[in-house]
Structure formats: C-alpha cells, structure tokens
Amino acid sequence: MRITRRAATLAAFGLLLTGCASEAGNQAQEDAEETTAEVEEVEFEPGSTMAEIVEAGELRVGTKIDQPGFGLANTAGDPEGFDVEIAKIIAAKLGLSEDQITFTETVSANREPFLEQDRVDIVVATYTINDERKQRIDFAGPYYVAGQDIMVAAGNPEGIEGPEDLAGKTVCSVEGSTPAERIRTDYPEAELVLYDAYSKCADDLRNGNVAAVTTDNVILTGFVAGDPDAFELVGNPFSEEPYGIGVPKGQDDLRDFINDVLEESFEDGSWAEAWEETAGAITGQEAPEPPQVDRY
Ligand code: GLU
C-alpha cells in the first residue's frame, strides 16, 4: 500500500486517539515525509538495463531545478515537483529508494547530450517528445500534455493575446527548447531573447527587459503562481507538448519498463496524487485525464 502524507497523518492521529504509543505515530509521520512511493522488491533479467541500474544502486535523473511545480530546488538544494515525483515513482518500481536517486540539473539544451554521454540514466524535465529528438534519444510516455503559451507583465500592458502579437516585441525563451524553435520558425518577426533557463526569462520580464516570456503553459503557470503581482498568463495555448521521459537511444527494455510503470501509476492513482501534491497544489488545477502512452 502506498503511504500518502494525508493517510499517514490520519493514521498517526488515529493512533494517538486510541491511546497507542505516540512514538508509533511519529514514526508513521516520519515515514510519510520520506516516502512518496512504496519501494518494491523486484528482480530484473540479468544484463537488462534495469538490472544494471539496480546493481549500480543509483538512478541518475536529469531534471530542471528552476521550474516551480515541475522541478524546483528547495532550500536544501533538492529538486521538488511533478517531474521529480515521476522519477521517484520509477525509482520505487526499480526497488530503489529516494535516497538512491541522484538528480542532476539538465537545462533544455543539454538533455539529449547528457543522455548520449551517459551522464544520466533518464531525463524527466518537461521534455517534449518529438521526431527530431527521437533521432538522438528515445522517449517513454507521454505522462502529461502541455501547450506553448505566453506570460506577460501583470495587467498585460502591451496587449499581447497570442503569438501574432509578438511581432516587433522582445520575447524570452530558452535555448534548445521547442517553444524557442517555434517562435524562430513560425513567428520570425518576434525578437527572440534566449537564456539557458526560464527563471532568467522571468527575471527579465520582472525587470521590464522583455515584453513577454514563452514556453509551456504549465511552466509559466508556476511562475505566475509564485508572483501574481508581477506576472500574468495569456492563456491561449498554441501547440501540443507531450512530455516524455528521455532514455538513451535504443534502450528499449528501459523504455518498455517505464511505459509499464507510467500506465500502472495512471491506474493506481499515484500519478494523480503526484500531480495534486506538486503542480496541482501550486496552480489549483485538478489532475487531468492521463494521456495515452505511445509505445512507438
Ligand atoms: N517542453 C518544451 C521542451 O521540451 C519546453 C520546456 C523546456 O524547455 O523544458 O523543449
């Protein structure tokens, strides 16, 4: 049984009410804080990618660390968010605890290189599945579908309602991302300002250095929720961004395994719970219907 924070708190409360040792209650609460997914006892075929990861005793995960709701480093430097929870669900099904996950920051442009260079085992980082990327790496998933949108200063002083309104205006995005590429090819009249991470774009918008920021709606929603006096979401998505989990090219056993884990998490509620505790908690949006996994 999965231990949810809420269930554990209730259990602890119940134990106290019935007069059982409060120590047990404290233990339950401690467990809950450390456990978002139950670690499974599993065995993998010798020589499989999963067996190798288990043998190494470590799952190396590339993720974002500056995107509220998906991957944001807390004060201790540990990333938190929906992508991080998805990585924890995968680790648990490998029989690895959260302590056995090593998170490495992957900004948008170094996701494929980090997989190619064997610096990470998987990438869970608001990573859109597309054919160009599939030339270099493979994807499990999708586990979420976002859409490109625009964030402007609160009050929308420039009256930007969609990508056409970006003509002649400065719009910030990130190198190596699909939203930057879409502006470059489909909206060449916009003046694109590029950084390596979206938090720098948000800073530029706050300081009035750019008129807008563009990337996936859920990433922007996280920034708006963090500073609603400064930012506003246009709320007019103009692409589909199916989020996948990047694996090294040709590692089909790992890709199949992760697809199985995702489908299970859609079924058993752990995916929805991960959403509600992270991106959903920030934005107030309920978990959507899970997408259909694409076993290409
Ligand atoms: N989902 C888009 C991408 O993978 C934008 C978000 C990001 O840069 O991480 O490029």
Side-chain angles (χ1 to χ4, degrees), residues 61-73 79-87 103-116 120 122-151 163 166 171-187 190 192-205 210 212-226 231 233-234 236-247 275 278-279 282-283 288 291 294:
V61 178
T63 197
K64 300 293 184 90
I65 61 164
D66 73 328
Q67 295 180 188
F70 276 77
L72 179 71
E80 291 174 349
F82 188 54
D83 283 339
V84 173
E85 292 306 313
I86 295 291
F103 288 102
T104 299
E105 181 185 14
T106 43
V107 295
S108 301
N110 65 21
R111 292 174 291 194
E112 293 95 284
F114 274 32
L115 284 166
E116 289 171 325
V120 293
I122 60 173
V123 169
V124 197
T126 57
Y127 201 3
T128 296
I129 300 171
N130 67 24
D131 288 343
E132 197 185 327
R133 290 172 177 167
K134 277 190 203 164
Q135 312 263 319
R136 297 174 63 180
I137 59 132
D138 277 314
F139 285 104
Y143 61 95
Y144 185 76
V145 182
Q148 181 169 354
D149 211 323
I150 299 168
M151 179 170 81
L166 294 172
V171 58
C172 190
S173 196
V174 160
E175 197 78 63
S177 71
T178 49
E181 191 53 31
R182 189 165 295 106
I183 295 295
R184 211 181 268 126
T185 55
D186 296 356
Y187 305 97
L192 193 56
V193 175
L194 291 173
Y195 287 109
D196 62 347
Y198 294 108
S199 50
K200 294 178 187 166
C201 285
D203 288 345
D204 255 17
L205 180 61
V210 293
V213 177
T214 188
T215 185
D216 302 339
N217 47 3
V218 278
I219 300 173
L220 298 174
T221 305
F223 286 114
V224 172
F231 304 134
L233 186 75
V234 167
N236 182 13
F238 52 99
S239 75
E240 278 215 343
E241 308 288 331
Y243 287 176
I245 291 157
V247 300
W275 172 269
T278 57
I282 290 182
T283 62
D294 175 19

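All residue numbers in this chain count up from 1 along the given sequence. Both counts, for ligands and for their atoms, begin at 1 and track the order of listing.
For Gln148, the heavy-atom gap to ligand 1 stays at 4.0 angstrom or more. Using a non-hydrogen distance threshold of 4.0 Å, Ile219 registers as a contact of ligand 1. Look at Lys64 and you'll find a heavy atom under 4.0 Å from some atom of ligand 1. Within the structure, ligand 1 has Arg133 among the residues with a heavy atom less than 4.0 angstrom away.
Which parts of ligand 1 touch Ser177 is read off a 4.0 Å heavy-atom cut-off, strictly below it: atoms 8 (O), 10 (O). Of all atoms in ligand 1, listed by their number and element, those nearer than 4.0 Å to a heavy atom of Thr126 are 1 (N), 2 (C), 3 (C), 4 (O), 6 (C), 7 (C), 9 (O). Of all the atoms in ligand 1, the ones that sit under 4.0 Å from a non-hydrogen atom of Ala125 are 9 (O). Every atom of ligand 1 is numbered from 1 in the order shown, and the set under 4.0 Å from a heavy atom of Ser108 is 7 (C), 8 (O), 9 (O). Atoms of ligand 1 found under 4.0 Å from any heavy atom of Tyr243 (numbered from 1 in listed order, with element): 1 (N).
Using modelled atom types, one finds no donor on one side chain facing an acceptor on the other under 3.5 Å when comparing Asp83 with Tyr127.
Of all the heavy atoms of Pro179, the ones lying under 4.0 Å from any atom of ligand 1 belong exclusively to the side chain. The proximity of Glu175 to ligand 1, defined as any non-hydrogen pair under 4.0 Å, does not occur for either the backbone or the side chain. For Thr128, heavy-atom contacts with ligand 1 shorter than 4.0 Å involve the backbone as well as the side chain.
Ring centroids of Phe82 and Phe70 are separated by less than 6.0 Å, placing the two rings close together.
Distance check, rounded to the nearest 0.5 Å: CD1 of Ile65 to CZ of Phe103 gives 12.0 Å. Here the straight-line distance linking atom CG of Asp66 with atom CD1 of Ile219 works out to 9.0 Å at 0.5 Å rounding. Atom CD in Glu132 sits 8.0 Å away from atom CD in Glu112 (nearest 0.5 Å). Distance check, rounded to the nearest 0.5 Å: CZ of Phe223 to SG of Cys201 gives 8.0 Å.
Among the atoms of Thr215, none of the N or O lies under 3.5 angstrom from an N or O of ligand 1. Taking any N or O of Tyr127, backbone or side chain, none lies under 3.5 Å from an N or O belonging to ligand 1.
Between Glu105 and Lys64, no side-chain nitrogen of the basic residue sits less than 4.0 Å from a carboxylate oxygen of the acidic one, so the salt-bridge criterion is not met. Using a 4.0 Å cut-off between charged nitrogen and carboxylate oxygen, Arg182 and Glu241 count as a salt-bridge pair. Residues Asp196 and Lys200 are paired through a salt bridge, judged by an N-O separation under 4.0 Å between the basic side chain and the carboxylate.
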